[in-house]
Amino acid sequence: MDTRTEILHILDEVLSLNGRALSFQPDTPLLGAIPELDSMAVVALITAIEERLGITLPDDELDGSTFASVGSLTDFVIACG
């Protein structure tokens, strides 16, 4: 499974989107566009990504732009992996 697909599965599971996230495209907006993605969900999402992909996302590089879209999140995760 490629990284983007894995991110979509993690988003779907963490946010309980019942399959909706699986149709998200790279330009699909996240933060501010998906009500389920609040500050607590961001923390859960970071933890799930780190655990599932076996990487560490550097806290000092995480900001709102990381979660702007599926593409920005995927690009960040790939850069950290």
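Because the structure is a prediction, the values reported are computed rather than measured.
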Measuring from [X]:[atom1] to [Y]:[atom2], what's the distance to the nearest 0.5 Å?
| X | Y | atom1 | atom2 | answer |
| --- | --- | --- | --- | --- |
| I78 | T3 | CD1 | OG1 | 4.5 Å |
| L45 | L15 | CG | CG | 6.0 Å |
| E6 | L11 | CD | CG | 10.5 Å |
| Q25 | L8 | CD | CG | 8.5 Å |
| T56 | I49 | OG1 | CD1 | 12.0 Å |
| I7 | F76 | CD1 | CZ | 11.0 Å |

>> Would you say L22 ends up clustered with L73 if hydrophobic residues are merged whenever their side chains have heavy atoms under 4.5 Å apart, either directly or through other cluster members?
In response: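 Yes, it is one cluster - the side chains of L73 and L22 are joined through contacts under 4.5 Å.
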According to a hydrophobic-cluster definition based on side-chain heavy atoms being under 4.5 Å apart (Ile, Leu, Val, Met, Phe, Trp, Tyr only), do F67 and I55 belong together?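 Yes, same cluster.
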Considering all heavy atoms, the nearest [X]-[Y] contact:
| X | Y | value |
| --- | --- | --- |
| R20 | D12 | N-OD1, 3.2 Å |
| F24 | R4 | O-NH1, 3.1 Å |
| L31 | V42 | CD1-CG2, 4.2 Å |
| A41 | V14 | O-CG1, 4.1 Å |
| P58 | C80 | CD-SG, 3.5 Å |

Just do the side-chain contact (heavy atoms from CB on, under 4.5 Å) check on L62 and D59 with the steps written out, would you?
CA-CA 5 Å; L62 286 167; D59 294 339; 4.1 Å; yes
Under the 3.5 angstrom rule, does the side chain of S72 hit a backbone N or O of T66 as a donor-acceptor pair?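 Side chain of S72 to backbone of T66: a pair is present.
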D27 side chain vs G71 backbone, donor-acceptor pair below 3.5 Å
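Answer holds: no.
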